[in-house]
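Report on the structure given below.
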Amino acid sequence: KVADEVFETGRWRVENNTMLTIDIATVNGKPEPRSDRYRIKSVDDRMQNYIYLPNNFEYRARKVNASFPMPRCDLSS
């Protein structure tokens, strides 16, 4: 197990195709309720682009080929 590995449970929802809310219920099996809100900039079949509202941090996630080798966990942030 990786020291900073986190398992969350909860639900997510999209409102008006412009807002993404992730409602966290538990973290590593312990109740830690919170809601993370994101403004959706764009979504298509290849990429998701959204902004975390509390600090305006922009995220970009892109789809990769099924054969893409995932990097080792200790190399990611």
Side-chain angles (χ1 to χ4, degrees):
K1 182 176 176 175
V2 178
D4 61 350
E5 198 169 50
V6 175
F7 296 94
E8 299 176 337
T9 64
R11 297 179 178 261
W12 60 271
R13 66 184 181 278
V14 174
E15 304 159 40
N16 300 320
N17 291 324
T18 60
M19 296 296 294
L20 167 66
T21 302
I22 302 174
D23 294 317
I24 307 299
T26 66
V27 177
N28 294 333
K30 297 178 183 175
E32 292 192 33
R34 73 171 194 270
S35 291
D36 294 339
R37 293 183 48 87
Y38 301 84
R39 182 169 53 86
I40 299 170
K41 291 183 72 175
S42 63
V43 175
D44 61 31
D45 61 344
R46 295 173 307 147
M47 179 154 321
Q48 299 174 7
N49 189 359
Y50 45 96
I51 295 176
Y52 182 58
L53 292 181
N55 62 7
N56 289 320
F57 187 85
E58 186 167 345
Y59 290 89
R60 290 188 185 148
R62 66 182 167 93
K63 187 175 183 177
V64 295
N65 186 294
S67 64
F68 178 80
M70 292 298 292
R72 292 189 345 240
C73 290
D74 60 338
L75 297 178
S76 63
S77 59

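Only this structure's heavy atoms are used, side chains among them; waters, hydrogens and symmetry mates stay out.
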Please indicate whether [X] has more than 12 foreign heavy atoms, meaning atoms of other residues, nucleotides or ligands, lying under 6.0 Å from its [atom1].
{"X": "N55", "atom1": "CG", "value": "yes"}
{"X": "D44", "atom1": "CG", "value": "yes"}
{"X": "R13", "atom1": "CZ", "value": "yes"}

Point to revise | Short side-chain donor-acceptor distance under 3.5 Å, T21 and S35 | key: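 No, no side-chain donor-acceptor contact under 3.5 Å.
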
**Study point:** Exercise: do N16 and T18 side chains pair donor with acceptor under 3.5 Å
**Key:**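 Absent: no donor and acceptor within the cut-off.
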
Assigning hydrophobic clusters by single linkage (Ile, Leu, Val, Met, Phe, Trp, Tyr; side-chain heavy-atom cutoff under 4.5 Å), is [X] placed with [Y]?
{"X": "M19", "Y": "Y50", "result": "no"}
{"X": "Y38", "Y": "I51", "result": "no"}
{"X": "Y59", "Y": "L20", "result": "yes"}
{"X": "V14", "Y": "L53", "result": "no"}
{"X": "V6", "Y": "I24", "result": "yes"}

In the structure I gave you, are the side-chain heavy atoms of [X] and [Y] within less than 4.5 Å of one another anywhere?
{"X": "E15", "Y": "R37", "result": "yes"}
{"X": "M47", "Y": "K63", "result": "no"}
{"X": "F7", "Y": "T9", "result": "no"}

Point to revise | R34 with D23: basic N within carboxylate O range, under 4.0 Å | key: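 Between D23 and R34 there is no salt bridge, as every charged N stays at least 4.0 Å from the carboxylate O atoms.
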
**Study point:** Candidate list I22, N28, V27, test side chain to side chain contact (heavy atoms under 4.5 Å, CB included), partner E8, passing option
**Key:**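 Testing E8 for a side chain to side chain contact (heavy atoms under 4.5 Å, CB included) against I22, N28, V27 leaves exactly one candidate, V27.
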
Check your understanding: So which heavy atom on P31 is nearest to which on P33, and how close?
Key ->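 Minimum heavy-atom separation between P31 and P33: C-CD, 3.6 Å.
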
